[in-house]
Trainee: 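Got a structure for you, written out below as structure tokens; questions coming shortly.
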Amino acid sequence: MRILEEVQATLQIAKVKEEDLQPVTYCLSFGDNVSSGDYCLMELDDTLCKLIEAGKSLIIRGDKDEHAVLCTEDKTYDLKIADTSNLLLFVPGCKTPDQLPDISASPQLMHAQIWGFSNCYWELRRQRPRLKKLKKLLMENPYDGPAVGMQEEAPGLKYTMDDLLERIQASREEIEAHLQNVHACEIEGFWRILDFDYEMKLLGHVTQLVDSESWSFSKVPFSVCLEELGSLEIMNRENNGQVIYALDEDKVCRATAQLLLQNAVKFNLSEFQEVWQQSVPEGMSARLDQLRGLALLDRSSKPETISLLRIEDLPEDTLERFNSLFSLREKWTQDDIEPYIQDLCGEKQTTGALLTKHARSSVQNGVKVYNSRRPVAT
Amino acid sequence: MVQIVISSKAGEGPAEWLLVELQGEIVSRQNTGLAGNLMGDLHYTKESVPVLVVGHHIRYGKQVKLEKPFAVLMKHSGLSQDEEENMETNQENPNILHRFRPH
């Protein structure tokens with residue numbers, strides 16, 4: 001083990017004046033673990049740092065053919081290796097001058113071990129999780145009602161939350177939020193997406209009931225609903241007591257619009273609006289702004305038309321999404337395209353910034369429009 | 001899918017380490033491996049400038065606060081599930097980096 005006198009001798013040979021130095025010197029040597037390779041260096045951000053300090057766990061997820069991601073309870077990060085041209089040594093228990101005793105103390109030699117070293121580290125970048133796979137998995141086996149009579153429900157793939165966590169590269173909270181977005185329900189511990197026709201049938205029952213009882217849409221007693229709709233056991237039975245639900249006007253109108261639009265390529269806009277209003281429960285008003293991300297209006301054609309365009313049917317990748325949108329329509333106003341690119345925005349990005357990056361703008365008839373930067377196959 | 005859990009020791013929170021950045025490579029003289037070998041002496045001048053003496057080389061460095069904190073992840077064989085590996089973290093905080101360049 002190296003001793004102080006040897007250190008001082010080295011300083012003399014190196015022509016470094018001992019009086020210019022502080023009294024404490026660290027003798028660094030390589031620890032046993034150094035060459036094992038069983039460790040790596042990862043860059044964190046403040047949020048992750050605080051999580052780790054609080055003792056929380058992080059999870060790295062990925063299939064062999066996927067890029068790995070890191071997940072916290074509610075966020076997802078991309079993992080990338082960054083090479084440095086330098087060597088990074090990690091030394092535990094080595095103090096910095098501000099942590100060391102007085103300058104006037106007598107010379108002292110401390111020993112510190114280099115625990116490991118690396119010339120690269122993992123970089124983390126916050127990303128929006130790839131959730132399209134979630135709906136795809138749930139659509140393998142949509143739920144269309146409880147089994148009739150004595151039959152078991154037909155066999156098919158069903159997923160619990162843990163199953164989903166094993167297949168989707170996203171955090172638990174992001175998955176839960178998306179399950180809500182796609183109107184999935186937990187039925188007997190499995191997450192199921194409702195077959196659309198079944199969903200509409202249920203909606204019809206509920207609205208009819210509301211109508212016949214003359215309830216207001218904003219005060220629908222849950223338990224009475226459950227009793228009346230006894231055979232339609234999709235509601236979460238744990239919710240007893242006086243739970244009041246409000247029928248969401250926007251969601252009902254939206255679902256009704258989808259029902260109407262999905263059977264034709266295009267609709268005459270004014271005819272559609274008439275039929276639509278008549279189809280929604282009495283007392284609800286159907287408005288075009290409820291259809292953002294669901295339908296596309298064409299105000300340049302005569303007569304004006306409307307067609308189904310659901311954001312979930314579009315590609316998940318940013319470039320592919322823009323390509324897809326521009327091949328459907330050459331020029332878009334910001335207002336029209338916004339609902340279809342909103343989810344592509346990064347953490348602090350606006351749709352405007354996204355458009356600047358991926359599209360070219362021009363002015364047509366006094367209105368700013370965007371078109372593709374590259375040639376697009378139509 | 002593989003899931004790797006990264007956890008840190010419950011209780012005190014991870015220890016804080018020093019990160020030393022050096023240009024170039026370090027190889028042991030007879031290629032016998034680095035473990036157990038001396039690396040060099042780390043001094044601080046009275047102005048708190050770090051000085052590293054490695055063999056016959058002297059390097060003057062700079063103490064730099066890391067822009068972002070780093071964590072050292074250590075592989076830890078899982079207990080039950082075969083697909084899981086646990087890694088423990090030790091943190092490079094208060095974000096001190098000693099950067100050494102040839103003088």
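Convention: sequence-line order gives letters A, B, ...; per-chain numbering from 1.
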Trainee: Looking at side-chain heavy atoms only, is the closest gap between B:L52 and A:Y26 below 4.5 Å?
Mentor: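 Counting from C-beta outward, B:L52 and A:Y26 never come under 4.5 Å.
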
Trainee: Do B:L38 and A:C27 have side chains that get closer than 4.5 Å, going by heavy atoms?
Mentor: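 Sidechains of A:C27 and B:L38: in contact.
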
Trainee: Which heavy-atom pair separates A:T96 from B:Y44 by the least distance, and what is that distance?
Mentor: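 Closest approach of A:T96 to B:Y44, heavy atoms only: CA-OH, 3.7 Å.
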
Trainee: Looking at A:T10, A:D20, A:L70, A:V34, which one has more heavy-atom pairs under 4.5 Å with chain B than the rest?
Mentor: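 Answer, by heavy-atom pair count under 4.5 Å with chain B: A:D20.
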
Trainee: Looking only at heavy atoms, which two atoms of B:P69 and A:D46 are closest? And how far apart?
Mentor: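 Heavy atoms of B:P69 and A:D46 come nearest at CD-OD1, 4.4 Å.
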
Trainee: Please name all residues satisfying side chain to side chain contact (heavy atoms under 4.5 Å, CB included) with A:A177, sequence neighbours left out, ordered by chain then number.
Mentor: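 For A:A177 there are no side chain to side chain contact (heavy atoms under 4.5 Å, CB included) partners, ignoring immediate neighbours.
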
Trainee: Are the side chain of A:Q22 and the backbone N or O of B:T45 linked by a donor-acceptor pair below 3.5 Å?
Mentor: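 Yes, A:Q22 side chain to B:T45 backbone: donor-acceptor pair under 3.5 Å.
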
Trainee: Would a distance-only check, ignoring hydrogens and angles, find a side-chain to backbone donor-acceptor pair under 3.5 Å from B:K46 to A:E19?
Mentor: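 A pair under 3.5 Å: yes.
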
Trainee: Under the criterion side chain to side chain contact (heavy atoms under 4.5 Å, CB included), I'd like the reasoning laid out for B:K68 against A:L44: C-alpha separation, chi angles, the key distance, then a yes or no.
Mentor: CA-CA 6 Å; B:K68 289 189 179 173; A:L44 304 173; over 6 Å; no

Trainee: Could you pull out all residues at least two apart from A:V182 that satisfy side chain to side chain contact (heavy atoms under 4.5 Å, CB included)?
Mentor: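 Here the qualifying residues are A:K135, A:H178, A:A184, A:I193.
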
Trainee: How far apart are the closest heavy atoms of B:H43 and A:T25, and which atoms are they?
Mentor: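 Closest pair (atom of B:H43, atom of A:T25, distance): ND1-OG1, 3.0 Å.
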
Trainee: In terms of heavy-atom contacts, does NE2 of A:H111 have more than 12 from other residues, nucleotides or ligands at under 6.0 Å?
Mentor: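 Atom NE2 in A:H111 is crowded, with more than 12 foreign heavy atoms closer than 6.0 Å.
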
Trainee: Considering all heavy atoms of both residues, which atom of A:C94 and which atom of B:L18 are nearest to each other, and what is their separation?
Mentor: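 The pair with the smallest heavy-atom distance is SG-CD2, 3.5 Å.
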
Trainee: Contact between B:L22 and A:L89 at the side-chain level, heavy atoms closer than 4.5 Å - yes or no?
Mentor: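 Yes, their side chains come closer than 4.5 Å.
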
Trainee: Return the OH to CG distance between A:Y121 and B:L19, rounded to the nearest 0.5 Å.
Mentor: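 If we round to the nearest 0.5 Å, A:Y121:OH and B:L19:CG are 10.5 Å apart.
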
Trainee: Which pair of heavy atoms, one from A:D32 and one from B:G36, lies closest together, and at what distance?
Mentor: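 That closest heavy-atom pairing would be OD1-N, 4.5 Å.
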
Trainee: So do the side chains of B:F70 and A:M42 get within less than 4.5 Å of each other, counting heavy atoms only?
Mentor: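 Not in contact.
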
Trainee: Checking A:W115 against chain B: side chain, backbone, both or neither under 4.5 Å from a heavy atom?
Mentor: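 A:W115 touches chain B through side-chain heavy atoms alone.
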
Trainee: How many angstroms lie between CG in A:L88 and CD in B:E21, if you round to the nearest 0.5 Å?
Mentor: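 Reported to 0.5 Å precision, the distance equals 5.5 Å.
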
Trainee: CD of A:Q113 to CE of B:M39: how many Å apart, nearest 0.5 Å?
Mentor: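 One gets 13.5 Å once the value is rounded to the nearest 0.5 Å.
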
